[in-house]
Amino acid sequence: MPWRPDSPIELPNGRLVCGQHRLVVCYICTVDYSFMEEILAEDQDSDDEDVIDEETKIDEMLRLRVGTGRVIPTKFRPQNSKDTPQSLFPPGTTDASPCVCRFIHRNNAKQLLLYTDGACLDNGGEKPRAGYSVVFKPPITPPNDAGYIGFRLENEGPTGEAHPQTSNRAELRAVIAALRFRFWTSEGFNSLVIATDSKYAVNGATTWVRGWLKRDWKTTTGAAVKNRDLWECLLGEIERWDSNGMQVKFWHIPRDWNKDADSHAKHAAAEDTRRCFMDVKGMFV
């Protein structure tokens with residue numbers, strides 16, 4: 001078929017030019033494809049808006065929120081009482097890209113386990129120093145791929161208000177760090193088990209908080225609930241994960257089953273460096 005002046009060629013960038021001379025405006029062929037500039041500009045604006053919308057969505061998703069108690073987590077109870085976290089959640093690899101190693105339920109590839117712990121040196125004394133840790137996978141090549149995070153407890157909580165260093169605050173901070181460390185559903189999980197030796201964290205999150213909410217954050221004696229800022233932050237994370245299709249459960253385990261997280265938390269408590277509350281996150285781990 002012979003070439004016709006009205007037969008344009010589309011360039012890789014989407015622009016049209018005349019087929020014979022490769023010109024947007026060709027006076028030889030008497031064609032003008034400059035109208036494509038406006039169309040492509042509109043498409044670019046649309047793409048930019050989509051990017052901004054996606055960034056806004058992610059920002060909203062990751063922003064700290066005050067939980068309302070809409071979702072209360074439950075306790076994890078293994079079917080076999082003899083099961084330990086190590087036997088029930090052995091190290092395994094995900095189908096995500098990139099493939100990563102996690103503690104995955106031996107019969108449910110959609111459920112993972114994280115170990116958390118908090119510690120405070122001189123707890124209740126004159127110079128308390130608290131730290132917290134999360135163990136999210138077995139160590140592979142320490143120290144570059146140690147499989148855990150551990151940090152000194154911040155003086156300021158999620159609201160920016162200063163609080164004393166205590167073991168209970170460290171325990172709650174560890175759980176919040178575990179919930180915020182990764183976008184776990186992107187790795188293919190829909191259920192997360194927090195394994196901790198803290199009865200305070202487990203009973204508070206699954207049972208006591210119901211009464212606190214009914215009494216407007218008062219105890220049965222009428223006193224203000226301690227660490228309310230962290231409890232509300234924790235509930236906010238539970239609700240965030242529920243909105244993203246993932247359940248969170250708490251498993252109270254003996255301290256002997258939580259030795260790694262306990263050791264890392266104590267080492268973190270002894271550190272001098274502290275971070276901002278929002279800094280704990282993991283990208284490629």
Side-chain angles (χ1 to χ4, degrees), residues 62-67 73 114-137 143 146-182 192 194-206 208-209 212 217 219 223-238 240-241 248 250-253 255 257-283 285:
L62 295 179
R63 183 175 296 134
L64 289 173
R65 64 185 71 186
V66 175
L114 303 174
Y115 298 89
T116 70
D117 202 8
C120 187
L121 307 179
D122 195 28
N123 190 41
E126 295 182 359
K127 296 181 179 180
R129 296 164 61 87
Y132 58 94
S133 72
V134 180
V135 177
F136 54 90
K137 68 177 180 180
Y148 74 93
I149 56 170
F151 298 107
R152 273 288 305 277
L153 178 67
E154 308 90 341
N155 280 333
E156 296 77 23
T159 64
E161 182 181 357
H163 293 273
Q165 302 263 302
T166 67
S167 59
N168 281 345
R169 285 191 68 82
E171 296 283 9
L172 296 182
R173 184 65 180 95
V175 174
I176 294 170
L179 295 173
R180 294 188 61 80
F181 185 60
R182 292 277 289 175
L192 169 61
I194 300 292
T196 172
D197 56 74
S198 170
K199 290 184 179 180
Y200 176 72
V202 174
N203 292 336
T206 62
W208 302 340
V209 71
W212 295 339
W217 291 98
T219 66
V225 173
K226 294 181 179 180
N227 306 316
R228 174 178 172 177
D229 60 326
L230 293 181
W231 283 117
E232 288 184 321
C233 183
L234 191 155
L235 289 178
E237 292 303 303
I238 299 296
R240 177 171 71 91
W241 281 120
V248 178
F250 283 76
W251 189 1
H252 180 250
I253 60 176
R255 183 167 294 181
W257 294 359
N258 205 28
K259 289 182 178 179
D260 287 345
D262 177 65
S263 175
H264 298 319
K266 289 177 179 176
H267 278 93
E271 293 179 357
D272 292 328
T273 305
R274 297 184 196 172
R275 301 163 63 95
C276 296
F277 193 89
M278 293 288 289
D279 279 349
V280 180
K281 61 184 70 173
M283 295 303 292
V285 290

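Atom set for the values below is all heavy atoms of this structure, side chains included, hydrogens, waters and symmetry mates excluded.
Between Leu179 and Trp241 the shortest heavy-atom distance is O-NE1, 3.0 Å. In terms of heavy atoms, Phe277 sits closest to Glu154 at CA-OE2, 3.4 Å. Minimum interatomic distance between Gly131 and Ala269 (heavy atoms only, all atoms of both residues): N-CB, 3.5 Å. The minimum heavy-atom distance linking Pro73 with Ile238 is given by the pair CD-CG2, 4.1 Å. Nearest heavy-atom pair, Ala177 versus Tyr132, reported as atom, atom and distance to 0.1 Å: CB-CE1, 3.8 Å. Contact detail for Ala268 and Gly150: the closest heavy-atom pair is CB-C, 3.7 Å.
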- Message: Between Glu237 and Val175, is the side-chain contact (heavy atoms from CB on, under 4.5 Å) condition met? List the steps.
- Response: CA-CA 10 Å; Glu237 292 303 303; Val175 174; over 6 Å; no
- Audit row: Thr159, Asp229, side chain to side chain donor-acceptor pair (under 3.5 Å) steps and yes/no: CA-CA 7 Å; Thr159 64; Asp229 60 326; 4.7 Å; no
- Evaluate side-chain contact (heavy atoms from CB on, under 4.5 Å) for Val135 paired with His264, printing each intermediate quantity in order. CA-CA 9 Å; Val135 177; His264 298 319; 3.9 Å; yes
- Item | Audit row: Leu192, Phe250, side-chain contact (heavy atoms from CB on, under 4.5 Å) steps and yes/no | CA-CA 9 Å; Leu192 169 61; Phe250 283 76; over 6 Å; no
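Distance CZ/Arg255 to OG1/Thr196: 9.5 Å, rounded to 0.5 Å. The structure places CD1 of Ile176 at 5.0 Å from CG of Leu234, a figure rounded to the nearest 0.5 Å. The OG1 atom of Thr273 lies 9.0 Å from the CZ atom of Arg152; values are rounded to the nearest 0.5 Å. Distance CG/Leu153 to CD/Gln165: 4.5 Å, rounded to 0.5 Å.
In this structure, Tyr148 and Asp260 have side chains that are not in contact, with every pair of non-hydrogen atoms separated by 4.5 Å or more. For the pair Val134/Phe181, no side-chain contact is recorded, criterion being any heavy-atom separation below 4.5 Å from C-beta on. Within the 4.5 Å cutoff, no side-chain heavy atoms of His252 are placed close to those of Asn203.
Using modelled atom types, one side-chain atom of Asp122 and one backbone atom of Glu126 make a donor-acceptor pair closer than 3.5 Å. Judged by distance alone, with hydrogens and angles left aside, the side-chain atoms of Thr206 form a donor-acceptor pair with the main-chain N or O of Val202 at under 3.5 Å.
With a 6.0 Å cutoff to the six-membered ring centre and a 45° limit on the axis angle, Arg169 does not count as a cation-pi contact of Tyr200.
For Asn258, the side chain to side chain contact (heavy atoms under 4.5 Å, CB included) partners are Tyr115, Asp117, Asp197, Ile253, Ala261, not counting sequence neighbours. Partners of Asp262 under the salt bridge (charged side-chain N to carboxylate O under 4.0 Å, His left out) rule, at least two apart in sequence or in another chain, are Lys266. In this view, Glu232 and Arg228 satisfy the salt bridge (charged side-chain N to carboxylate O under 4.0 Å, His left out) rule, not counting sequence neighbours.
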